Amino acid sequence: MEFVSTRGGVRCGFIEAFLQGLANDGGLFVPAHVPKVSKDELKSWRGLSYQELFLKIAAPFVGDEIPEQDLKKLVHDSYSTFRSPEVTPVQPIADGLYVLELFHGPTFAFKDVALQFMGNLYAYVSQKYGEKIHIIGATSGDTGAAAIHGVKSKEGIKICILHPHGKVSKVQELQMTSLLDDNVLNLSVRGNFDDCQQIVKELFSDVAFKSEHSLRAVNSINFVRILAQTVYYFYAYFKVADDSMTEEIHFSVPTGNFGDIFAGYLARLMGLPAGKFLLATNENNILERFVNDGVYRPENFKTTYSPAMDIQIASNFERYLYYLHGEDGAAVTRIMNDFREKGLIAAEGDTLRRVQSDFASYAVSNAACLETIKDYNERHGYLLDPHTACGVAAYERMFKNGGGKCVALATAHPAKFDEAIAECGIRQTFPEPIAELWDKPQRMTVVDSDKQQVIEQLLAFFK
Ligand SMILES: *Cc1c(COP(=O)(O)O)cnc(C)c1O
């Protein structure tokens with residue numbers, strides 16, 4: 001399949017879009033045409049395993065660029081590392097509410113679902129085409145850990161991850177910094193996640209630097225991440241919906257960079273009968289303000305119990321704007337240029353009404369997040385992590401009495417964010433792979449939030 005940039009200036013195939021990450025015109029890749037899944041196809045997919053479903057969904061996107069047998073092996077290898085044979089099991093928790101557990105991969109957060117596959121795909125492309133793979137990414141904690149675990153000990157790949165110094169959870173930090181492989185560089189940046197993301201974005205926007213050093217992306221600007229994540233929306237739908245394939249199922253999604261929720265939106269564009277997407281934020285609520293007031297404007301950064309959602313600029317939001325504005329690359333370019341100058345994107349009238357028919361949104365306070373963790377632990381015997389708790393808290397406020405079934409995405413295992421769980425007065429037992437992290441030595445390099453310092457580190461590392 002052909003891919004286009006949201007700014008209209010680049011067209012290329014699947015592997016090229018995967019390798020480029022951010023398009024050279026500054027846009028993000030989206031499929032030139034969204035493949036449609038018919039009701040009959042949906043019915044025939046219902047009994048498939050996670051891996052089989054992945055292959056059906058990915059087929060039109062990948063086209064003939066990867067032989068079927070190779071893709072099959074990649075997919076099976078990628079999900080063999082998960083602790084659940086279902087990969088992403090669905091648990092009924094309360095009347096009408098189901099939790100989609102996305103945390104059974106190696107680093108206990110949903111990022112593994114896409115990054116186990118992307119790690120294998122990078123290794124495949126590196127072997128097959130002799131492409132140099134220098135991965136660079138910014139993380140609020142989970143992407144970095146998942147990406148490093150996705151490519152560790154894979155030949156031909158080097159990975160450098162920037163994380164905000166002291167602003168990731170202890171488990172996240174240990175997961176990233178306790179792998180001592182020589183192909184891993186952890187840069188701990190004195191700043192917040194947006195500073196890290198900004199540096200990475202600037203490096204990718206420097207087209208000459210990017211191509212000279214074969215920079216590759218693992219952030220959700222990479223379309224392959226989105227693609228891999230659409231699979232579990234279909235998977236959950238089949239677990240929860242009746243046989244008619246018309247029942248609308250809502251999804252509640254704890255949102256930061258808009259990647260995960262965009263994957264759901266794409267699934268719906270493909271024909272999944274999803275109902276509303278509930279965009280749950282924490283106190284960093286730029287997206288909630290956009291959905292409810294039509295104004296997208298960064299405000300002051302707040303530290304919360306759900307650090308993976310502590311963002312002010314949602315890099316995937318541009319993909320949604322592309323569809324909101326009729327797949328018009330010129331319009332998106334204007335909007336993004338305006339945003340750079342004025343720091344604001346506005347939607348009003350019919351446009352805002354469309355936004356509000358696609359999404360509902362709720363911003364969860366720190367207090368409500370902890371209350372929800374305590375409440376679900378007591379009433380339902382289910383321990384939510386603080387990100388998942390934001391999604392469930394939003395469900396409680398917005399959907400609970402509205403009828404219909406809702407799937408809440410559980411984006412991390414609670415053991416990853418014990419700081420918040422302990423704050424609730426709850427003592428949890430850690431799964432073995434997390435408990436043993438504390439005994440491991442760590443390695444990372446602390447730098448200022450300064451592009452030049454990062455470049456110096458990179459040049460030495462890539463040598
Ligand atoms: C990354 C992450 C999120 C936010 O996902 P986006 O795709 O950035 O919207 C939510 N919860 C957890 C645990 C995460 O790691």
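Worth saying up front: this structure is predicted, and the values here are computed from it rather than measured. Atoms within a ligand are numbered from 1 in the order they appear, just like the ligands themselves.
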#### Entry: R216 to F18 six-membered ring, cation-pi geometry met (6.0 Å, 45°)
no

#### Entry: Reference residue T255; test side-chain contact (heavy atoms from CB on, under 4.5 Å); the match among N285, I261, D260
I261

#### Entry: Residues in the immediate environment of ligand 1 (any heavy atom closer than 4.0 angstrom)
F110, K111, D142, P254, T255, G256, N257, F258, G259, D260, A308, M309, H387, T411, A412

### Task
With sequence neighbours excluded, tell me which residues meet side-chain contact (heavy atoms from CB on, under 4.5 Å) with I93.
Q91, V99, Y376, H380, Y382

### Query
Given L48 and F54, is the side-chain contact (heavy atoms from CB on, under 4.5 Å) satisfied, shown in steps?
CA-CA 9 Å; L48 297 182; F54 189 116; over 6 Å; no

### Query
Do K170 and E419 sit within salt-bridge range, that is, some charged N less than 4.0 Å from a carboxylate O?
no

### Query
Does the ring-ring contact (aromatic ring centres under 6.0 Å, His included) test come out yes or no for Y395 and H250, once each step is laid out?
CA-CA 10 Å; Y395 160 82; H250 307 303; 9.1 Å; no

